[in-house]
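Nothing fancy with the numbering, it's 1 onward along the sequence. Side-chain atoms are counted along with the backbone in the values below, which use heavy atoms only and exclude waters and symmetry mates. Computed from a predicted structure; not experimentally measured.
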Amino acid sequence: MPKPRFTREDALAFHMEPTPGKWEVQATVPMATQRDLSLAYSPGVAIPCEEIAANPETAYDYTNKGNLVAVISNGTAVLGLGNLGALGSKPVMEGKSVLFKRFADVNSIDIELDTEDPEEFIKAVRLMGPTFGGVNLEDIKAPECFIIEQALKEQMDIPVFHDDQHGTAVICAAGLINALHISGKKIEDCRIVLNGAGAAGIACIELLKAMGARHENCIACDTKGVIYQGRTDGMNQWKSAHAVKTDLRTLEEAMKGADVFLGVSAKGAVTQEMVQAMADNPVIFAMANPDPEITPEEAHEVRPDAIVATGRSDYPNQVNNVLGFPYLFRGALDIHARAINDEMKIACAEALAALAREEVPDEVAVAYGRKLTFGRDYIIPTPFDPRLIHRVPPSVARAGMATGVARRPIIDMDGYEEALKVRMDPTASILRGIHARARSSQSTMIFAEGDDPRVLRAAVAYQRSGYGRALVVGRQSDVADKLTAEGLEDAVRELHVVNAANTEHLETYKSFLYNRLQRKGHDHQDIHRLAARDRHVFAALMLAHGHGDGMVTGATRKSAHVLELVNHVFDAGPHDGAAGVSVVMHRGRIVLISDTLVHEWPDENDLADIAERGVGVARLLGLTPRVAFLSFSTFGYPVSERAEKMHRAASVLDRRGVDFEYEGEMTVDVALNPKAMDHYPFSRLTGPANVLVVPARHSASISVKLMQEMAGATVIGPILTGIDKPIQICSTVSTTNDILNMAIMAACNLR
């Protein structure tokens, strides 16, 4: 099993900060005035109550029922951890709720029921039915999960879906469709062997039979061997439904000549000899977690023609439930479905399979650090493919409408697909792409302030997360003491600590620095103090000489002072083309604000440079840049000398003949609000601006910090651009995660 990319302390801190847990509730209506409260509650709320009582279907119009799913468990089969109980399962259920929101914009509430009695569980869920548009059952042990799901399906008029069963089955089916396509086989002709006749395994074999697999060709096995007609040991009604008439008694016997193996069992259950005995072009879905029944390397060693999938993200063809359940529920909710039936699950599988056969978008390739092409190592889409949200739910919805479970069919399917495309928050995919690029670049990152625990934690996280090598500037004993105090004593051996005393390059560094500063009032003694004693300068000298690929600093000193020190080594001053660009992300929107670091009061030429620096960062983030030069004046009114330079900055870009959209001067509401922009039909911007150039550093800083504090925006930066090497300067209030993000930006060579 691969080493985790985080420590136990990291996981606990993630769940504790900034507030305990993983989600919160926000109002979607105004709640500021007495009128707002009167409409939201008494007396205004009485009117929709009366409407719903008279016509229950209107609950989907006047409440959040139509986009609300309950994630419900009793904690009897949590992940691979066993029976942790209801309360012990809560972090997992919260996580599942977050996945619903992240991948399909489905609101979700986790509910943990403190009972192992199926009847009590069934009654509790049934009584909550009016609240939700669907129920996702999770981590309930077999055979109770079968009993609970079947009863709730019969008693409730909303979709009830046990993801441990059907989520795995849907993704397995999608992968198998493509695996058989590649191998030139038909499902009705295939001999299929299942090992692991629990909830997921039985759901897999049932769905494949619904897709055309023949009962007599499907051999199910458990820990006692083949499930055959007449067997009594370890049997139940769900296993009995898949018993076949056969003389086969062991998994080894069943595997001979098999076309497909489905494993939902245990590590090492399949041997190389078993794989060798399979038919030509065997399909092996070894889905045991955390370790598969047989690894892809072991399978391919004896059968290079095998198509192998696992449940692991570090192997190709991951069978990941997040490809299924968010989009199944999205489609089901949008037609106000009474159930999720086999036809909808098959439609989901077929849509996933079809997507994998198409050309993969560049943004997905960037996120994974390699080009993905349909074939033996890519038969299932990646969870972060942005097309999933608008390709899978429509297929599910169509199947639901065709089979009569839709209360409110979708009339304009093209419009529905377009609405889904704009529903998702683009910031997640952009950040994911940045992290993937950083991981693929494997940059050696210099962390200048090894005397700060936040920096040390960030350095450890950078290295353990697989982004590359971390170099920490500091004293070895001091770093060891601080790591130990942070509970990271095991990281003492991992981090490489660098300082003036243990480097062989100090004289080279000093000579370089003297040549730069000898005519700026610095003598040899000054140079020695800077190079040997100042960590910011020493780290910058390391970077300048290629002894690292990027640098992060600023957590312990004011950014202006740090920039002054860095400028001793690099040309990072106001007239050197440098600029600071802050990335502000809030409620699905991304804007870049600059300059927040370098220029105190830029003139029109500086502003044009700043715009080009911002455009460069925007393009590296995958955005189509649209620049607005901001002011309190819009296109000449009110007249102001301070606004005039913003107008002239656009003229500078006119003369430069740049290849991006820009406009100004304008107020921020005109720049960001399409309705406000409509008042100026002559504007050259084709959409809301996303690169905002402000008149001065103080206004840029105020804007960013106001958004951060008042609106809760996520801010990355300022990103220092326009210099020879990637150097990122944090703020003194940066958290460990902020520092890590800046290191990742530096690793992506955002400069």
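Without hydrogens or angle criteria, Arg439 side chain to Ser465 main chain gives a donor-acceptor distance under 3.5 Å. In this structure, the side chain of Asn74 does not engage the main chain of Ile140 through any donor-acceptor pair within 3.5 Å. Looking at Gln442, its side chain never comes within 3.5 Å of a backbone N or O of Ala747 through a donor-acceptor pair. Proximity of a side-chain donor or acceptor of Arg398 to a complementary backbone N or O of Met413 within less than 3.5 Å is not detected. A side-chain donor-acceptor contact under 3.5 Å links Glu94 to the backbone of Lys22. The closest donor-acceptor contact from the side chain of Ser734 to the backbone of Ile739 lies at 3.5 Å or more, if one exists at all. Between the side chain of Asp738 and the main chain of Thr735, a donor-acceptor pair closer than 3.5 Å is present. In this structure a side-chain-to-backbone donor-acceptor pair under 3.5 Å is missing from Lys101 to Ser108.
Classification of the Phe325-Phe100 ring pair by plane angle, with boundaries at 30° and 60°, yields perpendicular.
Applying the side-chain contact (heavy atoms from CB on, under 4.5 Å) criterion to Lys65, with sequence neighbours excluded, gives Ala59, Tyr60, Thr63, Ile158. Every residue meeting the side-chain contact (heavy atoms from CB on, under 4.5 Å) condition with Asn67, not counting sequence neighbours, appears here in chain and number order: Val106, Asn107, Arg330, Leu333, Arg423. With sequence neighbours left out, Ala173 forms a side-chain contact (heavy atoms from CB on, under 4.5 Å) with Leu207, Leu208, Met211, Ala349.
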Given the rule in the side-chain contact (heavy atoms from CB on, under 4.5 Å) test, do Thr686 and Arg626 qualify, once you have shown the distances and angles that lead to the verdict?
CA-CA 8 Å; Thr686 60; Arg626 291 185 291 271; 3.9 Å; yes

May I have the step-by-step check of side-chain contact (heavy atoms from CB on, under 4.5 Å) for Ile177 and Arg357, ending in yes or no?
CA-CA 11 Å; Ile177 289 170; Arg357 293 195 293 270; 4.1 Å; yes

Would you please test Phe161 and Val69 for side-chain contact (heavy atoms from CB on, under 4.5 Å) and show each step?
CA-CA 11 Å; Phe161 184 85; Val69 168; over 6 Å; no

Under the side-chain contact (heavy atoms from CB on, under 4.5 Å) rule, what do Lys90 and Asp110 come out as? Steps first, then yes or no, please.
CA-CA 7 Å; Lys90 185 169 174 61; Asp110 65 288; 2.7 Å; yes

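For the residue pair Glu149 and His166, a side-chain donor N or O sits within less than 3.5 Å of a side-chain acceptor on the partner. With hydrogens and angles left out, the side-chain atoms of Asp385 and Thr382 include no donor and acceptor closer than 3.5 Å.
Between Arg391 and Glu358 there is a salt bridge, since at least one side-chain N of the basic residue sits less than 4.0 Å from a carboxylate O of the acidic one. Classification of Asp334 and Arg408 as a salt-bridged pair fails, no side-chain N sitting under 4.0 Å from a carboxylate O. Checked for salt-bridge contact, Glu112 and Lys96 miss the test: no charged N lies under 4.0 Å from a carboxylate O.
Shortest non-hydrogen contact noted between Arg407 and Ala337 is NH1-O, 3.3 Å. Residues Arg619 and Pro625 come closest through the heavy atom pair NE-CG, 3.7 Å. Residue Ala86 comes nearest to Ser89 through the heavy atom pair O-OG, 2.7 Å, listed as atom of the first residue, atom of the second, then distance. When all heavy atoms are compared, the tightest approach of Asp164 to Ala200 is O-CB, 3.2 Å. Heavy-atom minimum distance, Ile171 versus Asn321: CG1-CA, 4.1 Å. The two residues Asp139 and Val78 have their closest heavy-atom pair at OD2-CA, 3.5 Å.
Put simply, the side chain of Val691 does not reach to within 4.5 Å of the side chain of Val617, judged on heavy atoms. Using a 4.5 Å heavy-atom threshold, the side chains of Val308 and Tyr315 count as separate. With contacts defined as side-chain heavy-atom distances shorter than 4.5 Å, the pair Thr76/Glu144 does not qualify. Side-chain contact check for Pro393 versus Tyr416: some heavy-atom pair is nearer than 4.5 Å. Between Leu99 and Pro326 the shortest side-chain heavy-atom distance does not fall below 4.5 Å. Within the 4.5 Å cutoff, the side chain of Thr310 has no heavy atoms near those of the Asn317 side chain. You'll find the side chain of Lys345 reaches within 4.5 Å of the side chain of Ile340, heavy atoms only. Proximity of Ile109 to Ile111: side-chain heavy atoms (C-beta onward) are separated by under 4.5 Å at one or more points.
Heavy atoms of other residues, nucleotides or ligands lying less than 6.0 angstrom from CG of Leu87 number 12 at most. Atom NZ of Lys209 has more than 12 neighbouring heavy atoms from other residues, nucleotides or ligands inside a 6.0 Å radius. Within a 6.0 Å radius of CG in Asp114, no more than 12 heavy atoms belonging to other residues, nucleotides or ligands are found.
Put simply, NZ on Lys267 and CD on Glu293 are 12.0 Å apart, with the number rounded to the nearest 0.5 Å. Between Leu388 atom CG and His390 atom NE2 the span is 8.5 Å, to the nearest 0.5 Å. Atom CG in Asn136 sits 10.0 Å away from atom OG in Ser73 (nearest 0.5 Å).
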